[in-house]
Amino acid sequence: MDKYGYRFSFGPWNIHKGADPFGPEVRPGMSFAQKLLLYKELGFDAVQFHDDDAVPDLDDLTPEQIRERARLVRRQLEDHGLFAEFVAPRLWEHPMTIDGAFTANDPKARAYAIERSKRAVDIAQELECDLIVLWLAREGTYMREAKNVGAATHQLLEAINTLLAYDPTIRIAIEPKPNEPMDLAYIPTMGHALALGFQSADPRRVGVLMESAHSILAGLDPADEIGFAMAFGKLWSVHLNDQNGLKFDQDRSFGSVDLRRAFNQVRVLDENRYWEVGVVGLDVKAIRTQPAELATKHLRNSLHMFLRLVALSRSLDRAAVAQLIAARDYEELDWLILSHLMGS
Ligand code: GLO
Ligand code: MG
C-alpha cells in the first residue's frame with residue numbers, strides 16, 4: 001500500500017515474452033515463482049489471475065485436483081505477502097471457445113464455458129478472493145449474420161446468473177472491450193456491462209472493470225467511463241494503461257501516450273475515493289524491443305505515473321478551478337490544467 005492508501009496489482013501475463021501476431025517470442029519466459037518475487041520489489045500488493053495462471057492445464061484435472069493446486073498457490077501468495085485480486089476464466093484459447101464461449105452457437109461449447117467458469121470460481125474460493133472478472137473475449141462476431149445479438153445477450157445474462165447462483169458470495173466484474181479478437185464484441189462499453197449487471201438475478205454482485213485502452217478503442221474517454229461506473233458504486237477494478245489511437249490493443253504504459261487523459265483518470269478515481277473500493281490494476285505490456293532483463297520497467301513506470309498524478313490531482317488549486325468554472329472561462333481552465341501538468 002502506498003502513502004495514499006492505494007493498492008496495486010498486475011497479472012503474470014504483464015511480464016511477457018514479446019510475441020505478436022507477426023513474430024515469435026523475443027524474450028525468455030519467467031516462471032510464476034520468479035514473477036512472484038518481483039511484485040513487492042516493484043511496489044505491488046496483489047496478483048490478478050486467469051484461472052490457468054493459478055492452475056495450469058486445469059482442463060485435464062478434476063475439480064478436486066484444481067482446488068488442491070489452488071491451495072498451493074494461496075500459500076505461495078502468503079509467503080510473499082501478496083493477495084489475489086481476482087480470477088478470470090480464460091475463455092478464449094481452448095478449441096471449445098473458437099466460436100465464442102457463453103454465446104457459442106454449439107450448446108456443448110456453451111456448456112464447456114459454464115463449467116470452466118465454475119472452476120474459476122472454485123479457484124477464487126481457494127485463493128480467498130471474492131471477485132471474478134469476465135473479459136468476454138470471443139463473445140461477438142466476425143460475421144454479423146452468424147449469431148443473434150438478442151439471443152446472445154440473454155445467453156450472457158444466463159451465464160452470469162448461473163455463476164451468481166453457484167457461489168452466493170462471489171462478485172462479478174465485467175471487463176468491456178469493443179473489438180479484438182472479435183471484429184465486433186457484444187459488450188463493448190461500460191454502459192453495456194452495467195446494463196447486463198442491473199438486469200441480472202443479483203445486481204448488487206455484478207460490477208465492472210474499466211480498461212483505459214478498451215475505452216479508447218470504443219472511442220470513449222476512460223475518465224468518463226470510470227466516473228459513470230463510480231456514480232453507481234460499480235467500479236470494482238481497473239486496468240489502467242494507454243493506447244495510441246484506433247489500432248490494435250497496445251497495453252502501453254499508463255500515461256505514455258496522453259498524459260492529460262491519464263491525469264483525468266486518476267483525478268476521477270481519486271475524487272471518488274477509489275482506494276476504498278478497489279485495487280489499481282495495471283494491464284500494461286513492455287514493447288517488443290525491450291531487452292529481457294529490462295522488461296518490467298513498464299510496470300514501474302505505470303505505478304509511478306499513477307502516484308505522481310495522484311499528487312498532481314491533490315495539489316490542483318481547487319479554488320482557482322471553481323472560480324474559472326463560475327466565470328465560464330474554460331480556456332483559462334485549460335491553461336491552468338496544462339500549466340499544472342507541466343509543473344508551473
Ligand atoms: C485483453 C484484456 C485482458 C484481460 C485479462 C483479464 O484485451 O485486457 O488482458 O484484462 O484477460 O481478464
Ligand atoms: Mg484488461
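Ligands are counted one by one from 1 in listed order, and the atoms in each one are counted from 1 as well. FYI, side chains are in, hydrogens and waters are out, and symmetry mates aren't considered; it's all heavy atoms of this structure. This chain uses plain numbering: 1 for the first residue, then up along the sequence.
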Does any N, O or S atom of E211, backbone or side chain, fall under 2.8 Å from the Mg ion (ligand 2)?
yes
Neighbour list for ligand 1 [protein residues, heavy atom under 4.0 Å]
W13, H50, A88, W92, V133, W135, E175, K177, E211, H214, H239, D249, D283
Using a strict threshold of under 4.0 Å (side-chain N to carboxylate O), is an ion pair present between D59 and R116?
yes
Electrostatic pair D242:R252 at N-O distance under 4.0 angstrom:
no
Set out, in order, the CA-CA distance, both residues' side-chain angles and the distance that settles side chain to side chain donor-acceptor pair (under 3.5 Å) for Y166 and D122, then state yes or no.
CA-CA 10 Å; Y166 180 66; D122 295 347; 2.6 Å; yes
Rounded to the nearest 0.5 Å, how far apart are CG of L299 and OH of Y39?
8.0 Å
Is it true that R119 and D51 make a salt bridge, defined as a side-chain N closer than 4.0 Å to a carboxylate O?
no
Examine R171 relative to W236 and say whether NZ or CZ is less than 6.0 Å from the centre of the six-membered ring and inside a 45° cone about the ring axis.
yes
Looking at H239, the N/O/S atom that lies nearest to the Mg ion (ligand 2) is called ND1
The Mg ion (ligand 2) to E175: nearest N/O/S atom name
OE2
Nearest N/O/S atom of D283 with respect to the Mg ion (ligand 2), by atom name, please.
OD2
Going by an N to O cut-off under 4.0 Å, is there a salt bridge joining E128 and R71?
no
Using the ring of W335 (Phe, Tyr or Trp, six-membered ring only), decide whether R260 places NZ or CZ under 6.0 Å from its centre and within 45 degrees of its axis.
no
